[in-house]
Amino acid sequence: MGKALTNQAMALFKSQVFLFLSEIPRGECIAYGELAKKAGFPSHARQVGSLMKNLPKDTKLPWHRVVNAQQRISFAENTDAYLRQKTRLEQEGWVIVGTKLVLNENS
DNA sequence: CTTACGGCCCTGG
DNA sequence: ACCAGGGCCGTAA
C-alpha cells in the first residue's frame, strides 16, 4: 500500500508529466504508463489520463500523442474524442486501423 | 468516512 | 488477437 501523495508530490508529478509530454516529437507517441514512469510515479498511469482529460481545450500540449500500452487510442471508436485524436494522429503520418496505431508513414 | 469512476496496465485464458 | 479479472490511485459525490 503506497502512501498517499502529498500535494507537493502531485504538483511535481503534474509538472513533470507536462514537461515530458511537451518533448514528445511529432510522429511519435507515448503510453500513459510510460509518461507516469518518466515523471517518477510508475503506478499513476490513470492519473496521467485524468490530466489529459482536464487539459484546457486550447492547450498547446500534444495530448493526442498519448495512447495506451497496446498502442491504441483509449476511446471507443464511435466517440467524438476518438475522432479528434485519430484525426490529429493521422495528420502526423499515422496509419490507424480501428483504435490501433499500425505504423507511421513518415518515420 | 465510503463509493464510484476513470483518456490505465498486466496477466492469464 | 480478444477479453475478463484484479490492481491501481487521485478526485468527486
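In what follows, chains carry the letters A, B, and so on, assigned in the order in which the sequence lines appear, proteins first and then strands, with residues in each chain numbered from 1.
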### Message
Counting the atoms with a prime plus P, OP1 and OP2 as sugar-phosphate, which does A:Ala31 contact under 4.0 Å by heavy atoms, base, sugar-phosphate, or nothing?
### Response
sugar-phosphate
### Query
Rounded to whole angstroms, how far apart are NZ on A:Lys53 and P on C:dC9?
19 Å
## Note on the structure
In whole angstroms, the gap separating C1' of C:dC9 from NZ of A:Lys37 amounts to 17 Å
### Query
Over how many whole Å does the gap from A:Phe41 atom CZ to C:dG7 atom C1' extend?
19 Å
### Task
May I ask you to decide whether A:Glu92 forms a salt bridge with A:Arg65, counting only side-chain N to carboxylate O separations under 4.0 Å?
yes
### Message
Within the 4.0 Å heavy-atom criterion, would you say A:Ser50 contacts the bases, only the backbone, or no part of the nucleic acid?
### Response
nothing
### Summary
Closest to the side chain of A:Met10, out of C:dT11, B:dC8, C:dC9, is C:dT11
#### Entry: Integer angstrom distance from the C1' of C:dG7 to that of B:dG6
14 Å
### Query
Is a side-chain N or O of A:Lys100 found less than 3.5 angstrom from the main chain of A:Gln70, in a donor-acceptor match?
yes
### Query
Over how many whole Å does the gap from A:Phe13 atom CZ to C:dC8 atom P extend?
16 Å
### Query
If you take all heavy atoms of A:Ala31 and A:Val66, which pair is closest and at what distance?
C-CG1, 4.3 Å
### Message
Can you tell me which nucleotide in B:dC8, C:dG10, B:dG7 comes closest to the side chain of A:Gln47?
### Response
C:dG10
### Task
Give A:Ala81 one of three labels, base, sugar-phosphate or nothing, depending on what nucleic acid heavy atoms sit under 4.0 Å from its own.
nothing
### Task
Report the distance from atom NE2 of A:His44 to atom C1' of B:dC10, rounded to the nearest whole Å.
17 Å
### Query
Which part of the nucleic acid, if any, lies within reach of A:Val67 when heavy atoms closer than 4.0 Å are counted: base, sugar-phosphate only, or nothing?
nothing
### Query
When you measure from the side chain of A:Ala69, which nucleotide among B:dC9, B:dG7, B:dG6 comes out closest?
B:dC9
### Message
Using OP1 and OP2 only, check whether a side-chain N or O of A:Arg72 sits under 4.0 Å from C:dA1.
### Response
no
### Query
For B:dA4, what is the paired nucleotide under Watson-Crick or G-U wobble rules, both distances under 3.5 Å?
C:dT11
### Query
Is the count of non-hydrogen atoms from other residues, nucleotides or ligands lying under 6.0 Å from A:Asn106 atom CG greater than 12?
yes
### Query
Which value, in whole Å, describes the distance between the P atoms of nucleotides B:dG7 and C:dG6?
22 Å
### Task
Can you tell me the distance, in whole Å, between the CD1 atom of A:Ile24 and the P atom of B:dG7?
20 Å
### Summary
Tightest non-hydrogen contact, residues A:Tyr82 and A:Gly98, listed as OH-O, 2.5 Å
### Query
Roughly, in whole Å, what's the span from CZ in A:Phe18 to P in B:dG7?
14 Å
### Query
For A:Leu51 and C:dC9, what is the distance between atoms CG and C1' respectively, to the nearest whole Å?
12 Å
### Nearest listed nucleotide, side chain of A:Leu5, among B:dG6, C:dG10, C:dC9
C:dG10
